[in-house]
Amino acid sequence: MHDINAIRENPDAFDEALKRRGVASVSSDLLARDDARRKAIQTAQELQTKRNEASKKIGQAKGQGDEAAAQALMEEVAGLKEDLQQAEDTERQLKADLEAALSVLANVPLDDVPDGADEGDNIQLRQWGTPRQINNPRQHFEIGEALGQMDFEAAASISGARFVVLRDDLARLERALGNFMLDVHTQEFGYREMSPPVLVRDEAVFGTGQLPKFAEDLFRTENGFWLSPTAEVTLTNLVREQILNHASLPHRYTALTQCFRSEAGSAGRDTRGMIRQHQFNKVELVSIVDADSGEAELERLTQCAETILQKLELPYRVMLLCTGDMGFSARKTYDLEVWLPGQDTYREISSCSYCGDFQGRRMNARYRADGEKSTHFVHTLNGSGLAVGRTLVAVLENYVNDDGSITVPDVLQAYMGGVQKIEVSQ
RNA sequence: GGAGAGAUGGCUGAGUGGUUGAAAGCGGCGGUCUUGAAAACCGUUGAGCGUUUACGCGUUCCGGGGGUUCGAAUCCCUCUCUCUCCGCCA
């Protein structure tokens, strides 16, 4: 959510910033709404003042037992009630209108974010690792099906398209990956492990920015819950409607959760395999910081995610997203893309974003420095550390042997009960 | 799922439709006293919005949202949450 006061102070800068994201100039419309709203507030307040004064006098008259005087006063303000009702309704409506207009506007990019239309304009910042020599590289679903441990047909018969059943060591590998990631983030980087709900309410999803604009990307239960598309929603909303002590910042949270996405807009994309599913596991990283620490925290958070790939010895590159490819709530985003030999390309496995106070404002989450009277909205960051399903895909494609077996990466063997190689199921 | 009871400031907890933003206590902050501290005593202590160069002024807020009334913490409706009993359940 944007600060209407800031827009009022510098409408041109606001329009320029959103123009970089391809959003047409809206400040004049917003300011017109704001102006009308503030006029309505003043009108309502003047009427309220009159009413309060009259009511006080009536109260005094009645207190002194002077019914006649009270009656006269009541007749005097008889017409006020309707006017006031109308003024308050108008104010309420104008406020809602302004908020509705603001709530669908994307966040403004930081200055060092490159302009661009789509992913083709993203900038590669660095690259890590050298791809292994793999004879006859295959895609993960071919490898997994040949192992007899990745079953899309079974999943389709139970749940339909975009689901998978993992069996035996691949199921265990998925669990191992999640546990490994959580341990690194909690033990090496100081994130607090959380186990949040995955069914969430409107307010939470609004807070992080998926609502109201992207409702069609989410699943909704019949009784009005949303299935959380990412633990970003729950971890970030942990601080909603709170005033935190400045000294307690930063808060760093991590969680391994299932994530649910309708993939409404992606028909025909990645239809085979585990890359794009309705349900997947992800380890999420969320940081709640003060107004000065966001950009440094983004570098730190990204490093935390990169560390997972490095420990797994999976080659990857770091992309700085251009304005056209960034998510709704982000001011700046780094994507980590892992090397997939079977696809002969890099694919997104983590997205790390700095959101400024955009989500803090939507959640009404603030902090206050010791001894200070005023509060500030928290700044928020989130990133995948990592998407577990896609990491499993990357392990399969990068660690496959000529005979179709999978060498278990060193750091995962302890999490696999010592299993060093995944072989074809009997 | 059935029946019932609740939600008041940082915390505990009063509150009769009428100068109630709200008693009292605790806590916090400032002061007196003290070498220093404690104790005691005195004072002070919520948030949002609008307006103003500023001091200030106005207004809203007693879980959220509506309503009744000249006037609502107080009455009505609704939602959320908490608790108790019964039922069911991992």
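Residue numbers begin at 1 in each chain, while the letters A, B, ... track the order of the sequences. All of these numbers come straight from a predicted model, not from anything done at the bench.
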dist A:E337:CD -> A:L309:CG (nearest 0.5 Å) comes out at 11.5 Å
Would you measure the distance from the P atom in B:A24 across to the matching atom in B:U34 and give it in whole Å? 30 Å
To the nearest Å, how far apart are A:E91 CD and B:C61 P? 11 Å
A:H251: partners by ring-ring contact (aromatic ring centres under 6.0 Å, His included), with sequence neighbours left out: A:Y253
Under the rule for side-chain hydrogen bond (donor to acceptor under 3.5 Å, both in side chains), what residues qualify as partners of A:T257, not counting sequence neighbours? none
Taking the same atom, C1', in B:U8 and in B:G13, what whole-Å distance lies between them? 9 Å
Please report the interatomic distance CZ(A:R201) to OG(A:S228), rounded to the nearest 0.5 Å. 14.5 Å
Find every protein N or O atom lying less than 3.5 Å from an N or O atom of nucleotides 50-57 of chain B, and list the pairs.
{"residue": "B:U51", "atom": "OP1", "partner": "A:R38", "partner atom": "NH1", "Å": "2.6"}

Can you pull out every salt bridge (Lys or Arg N to Asp or Glu O under 4.0 Å) where at least one residue sits in residues 86-101 of chain A? Sequence neighbours excluded, please. A:D89-A:R92
Test: salt bridge (Lys or Arg N to Asp or Glu O under 4.0 Å). Region: residues 255-264 of chain A. Which pairs qualify, not counting sequence neighbours? A:E263-A:R276
Separation between the P atoms of B:C77 and B:C88, rounded to whole Å: 32 Å
Non-neighbouring partners of A:D83 that pass salt bridge (Lys or Arg N to Asp or Glu O under 4.0 Å), sequence neighbours left out: none
Base-paired stems that RNA chain B participates in, counting runs of 3 or more Watson-Crick or G-U pairs under 3.5 Å: B:1-7 with B:80-86, B:10-12 with B:24-26, B:27-32 with B:40-45, B:46-51 with B:56-61, B:63-67 with B:75-79
Using the P atom as the reference point in each nucleotide, state the distance between B:U19 and B:C61 in Å, no decimals. 15 Å
Could you work out the separation of B:U69 and B:C75 based on their C1' atoms and round it to a whole Å? 10 Å
Expected list for residues 169-180 of chain A: side-chain donor-acceptor pairs under 3.5 angstrom, two or more places apart:
{"residue": "A:R172", "atom": "NH1", "partner": "A:M416", "partner atom": "O", "Å": "3.4"}
{"residue": "A:E174", "atom": "OE2", "partner": "A:N281", "partner atom": "ND2", "Å": "3.0"}

When you check every protein heavy atom under 4.0 Å of nucleotides 67-80 of chain B, what one-letter string (B, S, -) results, 5' to 3'? S-SBS--------S
Pairs in or reaching into residues 142-155 of chain A: which pass salt bridge (Lys or Arg N to Asp or Glu O under 4.0 Å), with residues at least two apart or in two chains? A:E145-A:R272, A:D151-A:R167
Any pair with a residue in residues 297-311 of chain A that passes salt bridge (Lys or Arg N to Asp or Glu O under 4.0 Å), sequence neighbours left out, goes on the list, sorted by first then second residue, please. A:R126-A:E306, A:E188-A:K311, A:R252-A:E297
Summary of side chain to side chain donor-acceptor pair (under 3.5 Å) pairs that have at least one residue in residues 103-112 of chain A, sequence neighbours excluded: A:D112-A:K332
Sticking with atom P, work out how far B:U74 lies from B:G63, rounded to a whole angstrom. 8 Å
